[in-house]
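Atoms within a ligand are numbered from 1 in the order they appear, just like the ligands themselves.
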Amino acid sequence: MTLDGQQPEAIAAAVDALAAGRLVGLPTETVYGLAADAGKDSAVRAIFAAKGRPADHPLIVHVASADGVAAFAAEVPPFAQRLIDAFWPGPLTLILPRRPGVADAAAGGHATIGLRCPSHPVAHALLSAAAARGIAGLAAPSANRFGRISPTTAAHVAAEFGAELLVLDGGACAVGIESTIIDCTRGAPVLLRPGQLPRARIEQVAGTRMLSKEELSAPDPQAPGTLSAHYAPRAKLRLMNARELRTALELLGAEAKNIAVWARTPLHSESRQLVLRRMPDDADAAAQQLFAVLRGFDEAQVKLIWVEAVPDDGAWDGVRDRLARAAASA
Ligand code: TXA
Ligand code: MG
């Protein structure tokens, strides 16, 4: 059942469901989450079961404000506190040392916890109402089945999990790809997953250079959002440059079918059966559309998705990361 998240009754119904140990589809500014009371291991295990996600892949815990951090984190390094002050509420997740004994299932057995305070007004309303009922945080991975495309509308969530799930409709997500994840447990910030926050701004606020995963001497245990194959559409996705795309479409001519193309470069095809969509020139706009475009291509039942490779520019890091992993699943 999908309810308008702006209605106070919908928030009240969602808090009741969470308090009863049930799951709720939650809009955030990045993507929709599948939420449960982070303090209730049985409810959190239902998330893993619904998604088909391995139990040792940790979930992000969402809090109503920076005040919620102390309930889950054992300590906050000064650079992490500066990131919280600058970017929360917003699309930033911090990995921090976990307070022993809290949110065991959400943490997937790890000694750390991922925390994020979303800025979406419906998420904020739900988290505040839940906090008032003694629920300190909501564990919520993206509301898609394991390995598949993340949802950016309430309808996407309903399509993944069926009508029994209570989903709060908060409209289309403004950011469109998942939060930037920074590991703050290693003395210096380490980027685990790029999002739409610019690296330069993060480093300026942190006051130090951000390391990449590849620079770690002891690599992180594998985490699902960081698996090389993820975000898989049903069709095979291939990254191509503008010249390759033009040549391929020219060669196929009117024969091109069961193919969808997402490109910034204007392209022409003689085929009427080609699904052609224009990728925005702006990275933020492209991120906002990315997952909905891929879902749309799957709905059109194409067999191949050709995507124009994105510019080699920091603003595109998040989109490039998601596309590379969608292509790796093909
Ligand atoms: O924008 C987002 O972050 C969305 C919305 C719903 O908030 N959530 C999201 O969750 O993308 P999920 O579960 O699809 O991805 C969470 C990522 C995974 O790669 C997971 O391994 C990583 O966060 N993660 C969570 N806790 C972690 C921890 N303690 N240590 C390392 N990685 C962690
Ligand atoms: Mg996910």
Side-chain angles (χ1 to χ4, degrees), residues 23-36 38 44 47-48 50-63 72-74 87-99 102-120 122-124 126-127 137-152 156-157 160 167-168 170 173-186 190-197 213 216 219-232 287 291 318 321-322 325-326 329:
L23 308 185
V24 169
L26 168 75
T28 84
E29 69 278 23
T30 56
V31 301
Y32 276 70
L34 184 63
V44 172
I47 299 179
F48 286 94
K51 278 188 64 107
R53 174 160 166 150
D56 60 345
H57 288 197
L59 309 181
I60 294 170
V61 174
H62 300 68
V63 292
F72 296 97
F87 296 115
W88 281 11
L92 173 68
T93 297
L94 299 180
I95 310 300
L96 294 163
R98 181 164 60 102
R99 267 182 68 169
V102 300
D104 283 326
H110 297 264
T112 55
I113 188 83
L115 293 176
R116 149 163 145 77
C117 174
S119 65
H120 193 294
V122 173
H124 182 75
L126 183 64
L127 287 163
L138 297 180
S142 52
N144 52 278
R145 293 184 191 268
F146 185 63
R148 315 243 3 130
I149 304 170
S150 300
T152 55
H156 294 164
V157 181
E160 292 277 328
V167 182
L168 294 177
C173 301
V175 177
I177 63 171
E178 301 83 350
S179 59
T180 302
I181 303 182
I182 300 177
D183 187 349
C184 301
T185 67
R186 293 163 180 271
V190 181
L191 181 65
L192 297 186
R193 180 176 73 185
Q196 283 309 98
L197 288 183
K213 274 179 294 177
L216 297 178
D220 226 29
Q222 282 222 324
T226 59
L227 292 180
S228 57
H230 213 65
Y231 310 109
F291 291 140
D321 168 78
R322 302 309 186 277
R325 288 192 271 149
S329 317

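Looking at L96 and F72, their side chains never come closer than 4.5 Å, going by heavy atoms from C-beta outward. Contact annotation: the side chain of L94 never approaches that of L115 to less than 4.5 Å [non-hydrogen atoms, C-beta and beyond]. With a 4.5 Å cut-off on side-chain heavy atoms, R116 and T30 count as touching. Considering only heavy atoms from C-beta on, K213 comes within 4.5 Å of L192 through its side chain. Residues H57 and F146 are in side-chain contact: their nearest non-hydrogen atoms beyond the backbone lie under 4.5 Å apart.
One N or O on the side chain of Y32 and one on the backbone of G170 form a donor-acceptor pair closer than 3.5 Å. When atom types are taken as modelled, the side chain of R322 and the backbone of E178 share a donor-acceptor pair closer than 3.5 angstrom. Here the side chain of S142 pairs no donor or acceptor atom with the backbone of N144 at under 3.5 angstrom. Distance alone, capped at 3.5 Å, places no donor-acceptor pair between the H110 side chain and the P58 backbone. A donor-acceptor contact shorter than 3.5 Å is absent between the side chain of R145 and the backbone of G52.
Residue contacts with ligand 1 for H110 are absent, since no atom lies close enough (heavy atoms, distance under 4.0 Å). Contacts of R98 with ligand 1, taken as heavy-atom pairs under 4.0 Å, are absent altogether. Neither the backbone nor the side chain of D183 comes within contact range of ligand 1; no heavy atom lies under 4.0 Å. Of the heavy atoms in H57, none comes closer than 4.0 Å to ligand 1.
Residue-ligand proximity, G33 to ligand 1, at heavy-atom distances under 4.0 Å covers atoms 6 (C). Listed by number with element, the atoms of ligand 1 under 4.0 angstrom from any heavy atom of R193 are 2 (C), 3 (O), 9 (C), 11 (O), 15 (O), 16 (C), 17 (C). Each of the atoms 5 (C), 6 (C), 7 (O) of ligand 1 lies under 4.0 Å from some heavy atom of H62. For ligand 1, the atoms closer than 4.0 angstrom to any heavy atom of S179 are 1 (O), 2 (C), 3 (O). Ligand-side atoms of ligand 1 in range of T30: 1 (O), 2 (C), 4 (C), 5 (C), range being under 4.0 angstrom from any heavy atom. Atoms of ligand 1 lying under 4.0 Å from at least one heavy atom of I181, given by number and element, are 17 (C), 22 (C), 23 (O).
Residue contacts with ligand 1 include R116, since one of its heavy atoms falls under 4.0 Å from the ligand.
The closest heavy-atom contact to atom 27 (C) of ligand 1, among the options A35, P58, P141, comes from P58.
Distances between N or O atoms of T28 and those of ligand 1 include no value under 3.5 Å. Looking at ligand 1, you'll find an N or O of T112 within less than 3.5 Å of one of its N or O atoms. Some N or O of R53 is nearer than 3.5 Å to an N or O of ligand 1, by distance alone. In terms of polar-atom proximity, S142 is counted as a contact of ligand 1, with an N or O under 3.5 Å from an N or O of the ligand.
Not one N, O or S atom of S150 sits under 2.8 Å from the Mg ion (ligand 2).
R193 and T93 are not linked by any side-chain donor-acceptor pair at a separation below 3.5 angstrom, with hydrogens and angles left out of the test.
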